[in-house]
Amino acid sequence: MTDQALPRPVQSGAAVPRRPRRSPWVEHSILPGFGLAMGFTLFYLGAIVILPLTALTALALRPWELGLSGVIHALTAPRVAAALKLSFGLSAVAALLNAPLGLLLAWTLSRYQFPGRRILDALVDLPFALPTAVAGIALTAIYAPNGPLGSLFARVGIKSAYSPVGIFIALVFIGLPFVVRSLQPVLQDLDREVEEAAQTLGANAVQRAVHVILPALAPSLISGVSLAFARAVGEYGSVVFIAGNLPMKTEIAPLLIVIKLEQYDYAGAAAVGLAMVAISFGALMAINTVQLLLAQRGKA
Amino acid sequence: MPVNSLRTADRETPSRLSLEISGVSKTFGRFPALKNVSLQAKDKEFLALLGPSGSGKTTLLRVLAGLEEPDSGEVRFDGEDFLSLPVRRRKVGMVFQHYALFRHMTVAQNIAFGLSVRKRTERPARSEIGDRVQTLLSLVQLEDLGKRFPSQLSGGQRQRVALARALAIEPRMLLLDEPFGALDAQVRRELRRWLREVHDRAGVTTVFVTHDQEEALDLADRVGIMRDGELKQLGTPNEVYENPADPFVYDFLGAACRMPGVVAGGRLTVADWETVAEKGAPQGPVEVYFRPDEVALAPPGGAGLAAEVKAVAARGPDVRIECLVEGQVLELEAHGPTLPAGVAPGLALRIKPLRPKIYTIA
Amino acid sequence: MTLAETRPRPGARLSLPAVMMVLASVAVMAVLVVAPLVTVFHDALSKGLGKYLDAIRGPDALAAMRLTLLVSGISVPLNAAFGVAAAWCIAKFEFRGKNLLLTLIDLPFSMSPVVSGLVWVLLFGAQGWFGTWLIDHDIKIIFATTGLVLATILVTFPFVARELIPLMQDQGADEEAAALTLGASGLTAFWKITLPNIRWALLYGVLLCNARAMGEFGAVSVVSGHIRGLTTTLPLHVEVLYNDYDFVGAFAAASLLASLGLVTLLLKTGLEWRHAGELAANRRP
């Protein structure tokens, strides 16, 4: 443990302590194993998460790349900028579409009793359970110009696979469970009496939805959509097959990292990677803030 | 019934000291949970620690169990330095506030746990453990529930399992942390008597933490009242109830009426009522406490505090009388049959506290 | 979310809008989620069972399966051990910096899989921090099994810990304390009290961790180098075949992974039904 090196507080006064306080970092406990477990935790965390992320940051900001301005330069190169714009833009739109779809599914699953409900509920997790590469080639096969749905799209003049539309579909696919699973527990807990009270007070179905249900769902809806967005931005496997990967048109940011690595442009790859980590981390922070506000509002 | 073989011939003098706590202090962060607490308990004594939440009583219990380490002070048990013993060697039977039953074990497995984790050389044979579990199950009147899981029991049953589990290790001392706290009033009263019987049969020194003064006075041989980490008073239920050491203890042990007064020349004056001050009473301005049911009511002409009845509420044979005395509202209690006829709102009368207690103003 | 809790008020007959909602939900799920699953098996068997069996019995496919098992066989136990250790510290002790630790444990969840691979290349790749040193000592991490393991560990890092921490925080340390007062040693308390109390949540976390580890694509793709028969895990094998226009082979391998996903889903759902109370209160995806 790190605490050994820290100076012990000076003891003074009449009361003679039985034993010196062990550490200013951890409260004494009768349970054993803190040192061992914490040592392993910190070592593992350091080796698996902190060291690699430090390398990422350091490499992206390497002095001979002119530091931060080098990063900005790398990110504003037309091809990189286009990829980032595509990734973040499509992810945002896909996450937004996931909001109504997720609401529909969560509502149906938690409010109605119908045959096969449990199976449908279990299937919501399929996009988590299906390995991304599997989902990627399957979606591509479906939406390819000769695929069952791709040919339908083609008939109305929409190119689905190998275009932004295909990427969008893949991102909706992987984001859906986040929204459903965020909403479901809240819908379950939502006090029916509150709705019934609103009903007795003369509110119609639409008024109840707008004034009673949606405000209660808003925090978890935002949280679910943010999670779907964060996942979509970084998604690789299920997108890369359907995307077509044309530079400037259908090249997503994670793919660009792969391409830069293949060209041994480590700094460039690191710059894109750092930007993505920073933005995803920002999204995570935003989610936490929302949840904190939610908790505070619940207390009030 | 030989439930607890600790009760052997070598424990001849029941008045012998078993537990000695001296100068124990404990601070959590900056919060002083225990301030220089000292007390002793006699062998086989049933001691209650009474106090509001945050008074340090549970911390003291956890220090005795070894779950907390005091910053300073000493704890001896049968002359042995208790603090140098780790929890598992102290052989204290602890009953936790929320029972802390092992949820993945049956009732019988819970009770057997303390015996089955002993070193092979000290562990009783399996059949012997089984017998002990059965004996304990019948002691706590749960003979048929050995195969149940804790989640399948009621609160009162869980409480008894926790007690049986603590008794199984033949504890040198029994520690109970608000054992009835989570139960409803009816069950509490039933278990209270029964707990005292179990204690008497097992013959173990018992320390019992509660915030319920009725429970403590009813059950314990001696009661210690704690506040803000300090032991305010220690004595038999009678001693502490009759002679509370300070206004806090007076208040905590039961309903109290309070009036300002003055002591001078051996006389106590409260408003227009004058009486003999008890010996050793503080001089000068004082606070006078009396129990709302320890008063005599007299017609306006007699001695006592001049009062006007504001409201009378009968609850069965007990009557609550709200009076106005010197602009202050006092709530008195009287027993119906002894109540003078005609007490009704608007009536003027005299209130004479029978056993006023005099404290200096804090 | 647990399915066992998903019990709407019984006896409510479905109204017309409700029926429409249900039908719409089924349609969304069918088109968006179920269709890809069906496609995998359909395309895998499109040239007959014989071709399918040939595809999953080829030497490259078998090598990929072995590698996948090896990588997850190393990664999952390590992450499980980490999860138990971290949850033990966080749930049973009070110490400074706990919130920072929780945030750091969550961090890999918000990282792109590609970045989770990239960081290892930056460390151990030919031009990475330790690249020269590794070449001098003839140690291969990137484009080798070690790199695949590291990338997989990073991607699946929080899975077990996230399941255990809320549950163990909820359970507190009272039962362990009780065990100690009854004479148990700390180690006995851990084995006989703590572990049995978290067994289902641990299994649940290991299940999810394993599914992700075996199916991981982006992170391992970056560190693999796609050397057939040597550094291609099953998902990478799918990619290689797909890019070679061997669609039956690709979908056949994909069908194995999809089956893994389905089995995981089945076990997970079963756990949620039977042991809802012993899993953490709040399921998150």
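No experiment lies behind these values; they were computed from the predicted model shown.
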- Per-residue contact mode, C/E176 against chain B (heavy atom under 4.5 angstrom): neither
- Worked check of side-chain contact (heavy atoms from CB on, under 4.5 Å) between B/L139 and B/V198: CA-CA 8 Å; B/L139 176 77; B/V198 170; 4.2 Å; yes
- Item | Stacked cation flag B/R165 on B/F102, 6.0 angstrom / 45 deg | yes
- Message: Does any backbone or side-chain atom of C/T181 lie under 4.5 Å from a heavy atom of chain B? Answer side chain, backbone, both or neither.
- Response: both
- Bottom line for B/L101: the part with an atom under 4.5 Å from chain C's heavy atoms is backbone
- Query: Under a 4.5 Å heavy-atom cut-off, does chain C meet the side chain of B/R103, its backbone, both or neither?
  - Reply: both
- Task: Look up atom OG in C/S72 and atom CG in C/N210, then write down how far apart they are to the nearest 0.5 Å.
- Result: 5.0 Å
- Message: Is C/A179 close to chain B through its backbone or its side chain, or both, or neither, when contacts mean heavy atoms under 4.5 Å?
- Response: both
- Message: Check this for me, if you would: do B/E128 and B/R132 make a salt bridge, where the nitrogen-to-carboxylate-oxygen distance has to be below 4.0 angstrom?
- Response: no
- Message: Can you classify the ring geometry of C/H275 versus C/W200 as parallel (below 30°), tilted (30 to 60°) or perpendicular (above 60°)?
- Response: parallel
